[in-house]
Amino acid sequence: MTLALENVTGGYGNLPVIKNLSFEVPDGQIVGLIGLNGAGKSTTIKHIIGLLTPMQGAIKIDGQTLAEAPEAYRQAIAYVPETPVLYPELTLKEHLELTMMAYDLDATATWPRVIEMLEQFRLANKLDWFPANFSKGMKQKVMIVAAFMTNARLYIIDEPFTGLDPLAVHDLLDLVELKKQAGAAVLMSTHILATAQQYADQFVLLNNGQVRATGDLTSLQTQFNLADADLDAIYMAMTREA
Amino acid sequence: MGTLWRTRLRQHQKQQFKYLQLVFNDHFVLVLVILVGALLYGYSQLVKTLVPAWWLRPLLALILTALLSFGQLATLVAPADGTFLLPQTSAFAKFLFKARRYSLLLPSVVLALGALASVPLLAVLKIDPLSGGLTLAAALIMFKDSDLWLALIRSYQGAWPIWLRRVSLLVVAFVSVTAALYWHPALAMVVALALDLTLRWRIGEHFAPERLDWLTLIANEDKRMDRLYRFYNLFTDVPGLSGGVRRRRWLDGIAKLIRPNHSHTWAYLYWRGFLRQTTYLGLYVRLAVVGAAVLMLLKTWWLAGLVGILFVYLVGFQLLPLAGAYDENVFAQLYPVPTTQRPRAFQHLTGVLLGLLAVLLAVGPALMGRWLIAGLVLACGAVFAGGFAYWYVPWRLQRH
């Protein structure tokens, strides 16, 4: 069991945004985190990566919380944020080198893999540039390469498809699939429901900071009494409930 | 337009005042008072030894011309003006004239002070200090007036002759001031007056509303404010100012000295930040050069030691914002790196940079052959650097 949220309540200051969340992201599975704007997706992710501390409940990776084993916990996570976050004074090559240093990766073993990804994303000839001046999509690709070079056990990808060209979307999904086959857990928040339905093994539907439903598509169809409905129809049904 | 100018000016002044209060905080005022005192003392000692050598006149003229280049046209134009005030372009000239007159204020004070400072040198050159100083000040201010007219006319599109630019004005000013120092200061004043009057007489017809170049006007004001905020940013945090970054490939050799392994993650980041963010390295080099130059002039051992410590303190203080430079970056908090690594990396950076600064400062007196003072500056600077980096910095980082 890679990631487990147990009755997590949390938010900013004293105001709870997410209430009593419980769900799991098992090894070798892609879990789609689905919800409206403001449903609490990003807040949930911020709690998981450790930017926010839960007011109640516990978040565990391989049975340990961040407080119990800070470095092991952080080592286990790779994160692709919704908006690219880059160092203005580092070149592309230095961003990747820094990530290797931070995650204590062996440079000689990692670089060939990195170069392969860069070529896939058509960034290999820009190693000496400042990615801070790249376009939104190219920045997003840098974040993806930095995250997927690690040997993380859990990949957290926040709205990965905005700004990416269709080719890059497919390349990203291939990378995710590879990591999944290697046994990693993937949590992906998105609004692109068709893609989510196609690639995710399970879904967590968030509504007003609470888990409305979890499970695979068949299970969701039963829970919402909508036989043969696609994720889009289920999502619309959920929004009408409130 | 008059009302618009007044509200703009009030807003501008309110904001500048807010920043100036932060710039001239208690430490800095103290440092400044000591520094100005040291400079005046050094200057008075220097004047006593001066004889009217051949280079004295051109040098003085050069310094005064350099002062003349200080201060630009402050239009206080906001980027939105180009859209919202576009229909008012004809009336806008009035706003710009007011802006020009306001821009003359601060440079006039600086030039008057410059003329005042050159009074002892006028005495050395056997020119009557009182009348000479006054005429010189008047000439310089009139040159500045012409300079600002030129700056204003440049915001209007037109086929200006190639020589009608700032550089030519500065050359004329330099030549006439040099000549004035040989013969009589009134010469510079006559040239300045003639220039200013001609300019005003001929320039009026060029302010045709349809020629106002809004984009250049806005871009210039943006650039000016950016420089100003960058200056304030040396002393305090200016919101919204993301200090620039330069690639500086030639410094990669230094950056590569940090071994790329897990335990140097933060050192890797901090050193590259120091070398490539425009704020830090430039400031470090400037203060090192100025400090070494000041120390070259000082012969009193205790004063030299004090000034050495002062410069180490100044630079150290300016390095502090770098500690928090990556707070906004999520990944800085996500890296699986021990939390103690970050403050330690920053302490090490400060220690190395300030230690090196002590060496650079000691080069000043060493060049003059004052080995004792050089050794003293080195020792004082190094001890202070160690204390700052390994005692003050951790305390300060903990407090924030």
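In what follows, chains carry the letters A, B, and so on, assigned in the order in which the sequence lines appear, proteins first and then strands, with residues in each chain numbered from 1. What you see is a predicted model; the values in this text were computed from it and never measured.
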Checklist outcome for this item: Residues at least two apart in sequence or cross-chain that pass side chain to side chain donor-acceptor pair (under 3.5 Å) with E221(B), listed by chain then number, are T75(B), R224(B)
Checklist entry - Contact part of Y79(A) toward chain B, heavy-atom cut-off under 4.5 Å: side chain, backbone, both or neither? => result both
Next on the checklist: Less than 4.5 Å to any heavy atom of chain B: does that hold for the side chain of Y103(A), its backbone, both, or neither?
Outcome noted: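 Both backbone and side chain.
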State the [atom1]-[atom2] distance between [X] and [Y], to the nearest 0.5 angstrom.
X: E89(A); Y: R272(B); atom1: CD; atom2: CZ; answer: 10.0 Å
X: L269(B); Y: H95(A); atom1: CG; atom2: NE2; answer: 8.5 Å
X: I156(A); Y: L334(B); atom1: CD1; atom2: CG; answer: 9.0 Å

Checklist entry - Given the options I49(A), T99(A), I77(A), which has more heavy-atom pairs under 4.5 Å with chain B than any of the others? => result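 Answer, by heavy-atom pair count under 4.5 Å with chain B: I49(A).
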Item to check | chain B contacts, top residue of G50(A), P88(A), A107(A), P70(A) (heavy-atom pairs, under 4.5 Å) | outcome: P88(A)
So do [Y] and [X] actually touch side chain to side chain, heavy atoms under 4.5 Å?
X: R276(B); Y: T91(A); value: yes
X: E94(A); Y: Y268(B); value: yes
X: D104(A); Y: T265(B); value: no
X: E328(B); Y: V85(A); value: no
X: R249(B); Y: D128(A); value: yes

Item to check | Heavy-atom pair count under 4.5 Å with chain A, highest-scoring of V330(B), L275(B), N261(B), N329(B) | outcome: N329(B)
Next on the checklist: Looking at chain A, which one of H264(B), R248(B), R247(B), Q341(B) has the largest number of heavy-atom pairs inside 4.5 Å, strictly under?
Outcome noted: R247(B)
Next on the checklist: Sort by residue number and list every residue of residues 347-361 of chain B having at least one heavy atom under 4.5 Å from chain A.
Outcome noted: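 Under the 4.5 Å heavy-atom cut-off, nothing qualifies.
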Next on the checklist: If I compare all heavy atoms of P336(B) with all of Q75(A), which pair ends up nearest, and what's the gap?
Outcome noted: CB-N, 3.5 Å
Next on the checklist: At a 4.5 Å cut-off on heavy atoms, which part of A332(B) comes close to chain A: side chain, backbone, both, or neither?
Outcome noted: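 For A332(B), the contact with chain A is made by backbone and side chain together.
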